[in-house]
A.B. asks: 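One structure, pasted below without further comment.
A, B, ... follow the sequence lines: proteins, then strands. Residue 1 opens every chain. A quick note: this is a predicted structure, and the numbers were derived from the prediction, not measured. Heavy-atom basis, side chains included; hydrogens, waters and symmetry copies ignored.
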Amino acid sequence: MTTELVLFNTLGRKLEPFRSQVPGEARIYTCGPTVYNEVHIGNLRTFAFQDLLRRSLRHLGYRVVQAMNLTDVDDKTIQGAHQAGVSLAEYTEPFIRTFLRDLETLHVERVEHFPKATEHIPPMIRLIETLVAKGYAYVSDGSVFFSIAKDPDYGRLSGFDLDQARRGERVAADEYGKEDVRDFVLWKAVKPGEPAWDSPWGSGRPGWHVECSAMSMEILGETFDLHCGGVDLIFPHHENEIAQSESATGKPFVRTWLHSEHLLVDGQKMSKSLGNQYTLPDLLARGLSARALRYLFLSVHYRQKLNFTFESLDGAAGALRRVDEMRFRLLHAEEKGAPDPHLAEAADRLRRDFAAGLADDLNVAVALAAVFAFVKEVNVAIEEGRIGQGDKPRVVDTLADVDRVLGVLDAMAWDTGAGEDDSAEIERLIKERNDARQRRDFAASDRIRGELAARGIALEDTPQGTRWKRK
RNA sequence: GGCGACGUAGCCAAGUGGUAAGGCGAGGGUCUGCAAAACCCUUAUUCAGCGGUUCGAAUCCGCUCGUCGCCUCCA
């Protein structure tokens, strides 16, 4: 597939053809969570987008190398650990575990690297040393600050005029010593009781922004292809990353910046005070499906706010049901005669339209419309008895191809697989029921149908016979 | 106050100059012993409102109304 990928680069705010630095290879850095609490569905929306990105790149022919950091040292993790009376690592470990579990539940692929900030302190120190040596940073009371005034390009990503934006802002208590309120901290001098590492400026810990710069360049190189995060990270986090990295290396840091919009709940920003801050386990506990949530995430363009409602999640579940039903009917359809040329055409059209949708700045809505057009064609073919030799695997393989990107169409992959195999007994009961129907003993047949329904087995009588499925 | 995004049918959502994709829901039909399920068909003369540009606008421009975001930790 040689479809050219176009992406919206926040740096420059326009659509651009994507060109990787190394042909055929995409190197991606994504800002992961700060592991001080459980992630909510808003966070997960962003990670689902990043998963879509990496899968799409692969679909369009790229090899992907991706790193996602885990920020396990910052004000919040330190405070949390202190309040819980445990070490930093003891405090963050469970949140890392549940984060990775949530990703797995949503079928978000493991990325190649999950660097933890606490395990990469030396490269951060080296980066800061370089900045100090080059005059971009200065030391003050054991802390190190980046000097915005030394970086004429500062503000390029966010488009903010810092002269206007941050004058008169209050300086945080632990950041006295700045020469300019707009400067940001690279290294924070230790405070009593806090975890700390040795450095040329004394004991302390890295600032948040420097973590990502150091780790991304360490793993992916001084210039890499894609850097993603939520829109809230554009300023100041990503702006600062650019300033640090490019000042240190003199090279472009990231070629393309991608930012995903936020998720809203009932039209409002999630917040603890509104009580609308859901986690994935919250939704699962309500009996809602992670698969439907993934579909919902995928169905809204990443640069569009996603308004989460239970109704929209129902809609997502309904859409998946339609795909599942088609596969179910296909499974029971009989292949006879020559392959249907219409189906082959439909399959080609799906592959083409699907790839074209993805290539257009990851327009999944268009890609999904192609899937549903295909579903309809297959349904009609089944209805008209046009399923020929080899058509079933053709349909299944085509869906499997697009599902390598979507990761949501194959119900079997999401099945919890619980329960013993009692299908032989079910088949026996169905036969018994159909015998009763033959004798027009409807009381008996309805009784069996009721029994099966009570066990969660739904029957469908069709002209080709009775088929069943678990509800 | 500065910067920005958005407003398309009951709901979700594509489309950014050539005459409204798709999904859910709803209505009708087919099938059925009856059902259920499923499938098929139908479902926006119209894109927040008002002006303007144009042969032509949901798409471009202006104004108004509304929603949301960033500017401080934040996906």
A.B. asks: Could you tell me the separation between the NE2 atom of His227(A) and the P atom of A75(B), rounded to a whole number of Å?
C.D. replies: 13 Å
A.B. asks: Using a strict cut-off of less than 4.0 Å between a Lys/Arg side-chain nitrogen and an Asp/Glu carboxylate oxygen, indicate whether Lys305(A) and Glu261(A) qualify as a salt bridge.
C.D. replies: yes
A.B. asks: Roughly how far apart, to the nearest Å, are A57(B) and U45(B) at atom C1'?
C.D. replies: 15 Å
A.B. asks: Distance check needed: C71(B) P versus His262(A) NE2, whole Å only.
C.D. replies: 10 Å
A.B. asks: Could you check whether Thr309(A) and Asn307(A), counting side-chain N and O atoms only, form a donor-acceptor pair closer than 3.5 Å?
C.D. replies: no
A.B. asks: Can you tell me, in whole Å, how much space there is between the C1' of U46(B) and that of A20(B)?
C.D. replies: 7 Å
A.B. asks: With rounding to whole Å, what would you report as the distance between U42(B) and C3(B) at their C1' atoms?
C.D. replies: 46 Å
A.B. asks: Under a 3.5 Å threshold, yes or no: a donor from one side chain and an acceptor from the other, between Glu16(A) and Thr256(A)?
C.D. replies: no
A.B. asks: Relative to Phe8(A), does Lys14(A) satisfy both conditions: NZ or CZ under 6.0 angstrom from the six-membered ring centre, and within 45 degrees of the ring's axis?
C.D. replies: no
A.B. asks: Would you measure the distance from the P atom in G25(B) across to the matching atom in C34(B) and give it in whole Å?
C.D. replies: 25 Å
A.B. asks: Angle class for the Phe235(A)/Tyr154(A) ring planes (parallel below 30°, perpendicular above 60°, tilted otherwise)?
C.D. replies: perpendicular
A.B. asks: Quote, to the nearest angstrom, the C1' distance that separates G15(B) from U59(B).
C.D. replies: 9 Å
A.B. asks: Determine the Euclidean distance between corresponding P atoms of U72(B) and C63(B); express it in Å to zero decimal places.
C.D. replies: 28 Å
A.B. asks: Could you tell me whether the side chain of Asp225(A) reaches within less than 4.5 Å of the side chain of Val254(A), counting heavy atoms only?
C.D. replies: no
A.B. asks: Can you give one letter per nucleotide of nucleotides 26-37 of chain B, going 5' to 3': B for a protein heavy atom under 4.0 Å from the base, S for sugar-phosphate only, - for none?
C.D. replies: -----S-BBBBS
A.B. asks: Both distances under 3.5 Å, Watson-Crick or G-U wobble: report the partner of U46(B), or none.
C.D. replies: none
A.B. asks: Is the His209(A)-His238(A) ring centre distance short of 6.0 angstrom?
C.D. replies: no
A.B. asks: Quantified in whole Å, what is the C1' atom distance between nucleotide A58(B) and nucleotide A13(B)?
C.D. replies: 14 Å
A.B. asks: Mind checking who G7(B) pairs with, Watson-Crick or G-U wobble, both distances under 3.5 Å?
C.D. replies: C65(B)
A.B. asks: What contact category does Ala319(A) fall into here, base, sugar-phosphate, or nothing, at under 4.0 angstrom with non-hydrogen atoms?
C.D. replies: sugar-phosphate
A.B. asks: Is Leu44(A) touching bases, backbone alone, or none of the nucleic acid, heavy atoms closer than 4.0 Å?
C.D. replies: nothing
A.B. asks: What is the pairing partner of G17(B), taking Watson-Crick or G-U wobble pairs with both distances under 3.5 Å in any strand?
C.D. replies: none
A.B. asks: When you measure from the side-chain N and O atoms of Lys269(A) to the phosphate of C70(B), is any distance below 4.0 Å, counting only OP1 and OP2?
C.D. replies: yes
A.B. asks: Taking for each residue the nucleotide of RNA chain B bearing the nearest heavy atom, is the 5' side occupied by Val366(A) or by Ala316(A)?
C.D. replies: Val366(A)
A.B. asks: Taking the C1' atom in each of A38(B) and A5(B), what is the distance between them to the nearest angstrom?
C.D. replies: 42 Å
A.B. asks: To the nearest Å, give me how far apart CG (Leu330(A)) and P (C39(B)) are.
C.D. replies: 13 Å
A.B. asks: Could you state the atom-to-atom distance from CZ of Phe235(A) to C1' of C73(B) in whole Å?
C.D. replies: 13 Å
A.B. asks: With a 6.0 Å cut-off on ring centres, are Tyr36(A) and Tyr91(A) close enough?
C.D. replies: no
A.B. asks: Quick one: look up who G27(B) pairs with, Watson-Crick or G-U, both distances under 3.5 Å, and put none if it's unpaired.
C.D. replies: C41(B)
A.B. asks: Among side-chain atoms of Thr462(A) and Arg467(A), is any donor-acceptor pair under 3.5 angstrom?
C.D. replies: no
A.B. asks: Between Asn240(A) (CG) and U72(B) (C1'), how many Å, whole number?
C.D. replies: 13 Å
A.B. asks: Rounded to the nearest angstrom, tell me the gap between atom NZ in Lys376(A) and atom C1' in U42(B).
C.D. replies: 11 Å
A.B. asks: What is the distance from CG of Asp324(A) to P of C39(B), rounded to the nearest Å?
C.D. replies: 11 Å
A.B. asks: Taking any strand in view, what nucleotide pairs with C70(B) in a Watson-Crick or G-U wobble way, both distances under 3.5 Å?
C.D. replies: G2(B)
A.B. asks: For C60(B), what is the paired nucleotide under Watson-Crick or G-U wobble rules, both distances under 3.5 Å?
C.D. replies: G52(B)
A.B. asks: Using atom NE2 of His40(A) as one end and atom C1' of C73(B) as the other, report the distance to the nearest whole Å.
C.D. replies: 13 Å
A.B. asks: Closer to the 5' end of RNA chain B via nearest nucleotide, is it Gly267(A) or Asn379(A)?
C.D. replies: Asn379(A)
A.B. asks: Quick one: label Gly229(A) by what it contacts on the DNA or RNA (base, sugar-phosphate, nothing), any heavy atom closer than 4.0 Å.
C.D. replies: sugar-phosphate
A.B. asks: For C34(B), which nucleotide is its Watson-Crick or G-U wobble mate, given both distances must be under 3.5 Å?
C.D. replies: none
A.B. asks: Check the interface with nucleotides 9-13 of chain B: list each N/O to N/O pair with the protein under 3.5 Å, or write none.
C.D. replies:
none

A.B. asks: Using distance alone, with no hydrogens and no angle criterion, decide if Thr34(A) and Asp74(A) have a side-chain donor and acceptor under 3.5 Å apart.
C.D. replies: no
A.B. asks: Taking NZ in Lys431(A) as the centre, count heavy atoms belonging to other residues, nucleotides or ligands within less than 6.0 Å. Is the count above 12?
C.D. replies: no
A.B. asks: Look at the rings of Phe354(A) and His59(A) and say which category their plane angle falls in: under 30° parallel, 30 to 60° tilted, over 60° perpendicular.
C.D. replies: perpendicular
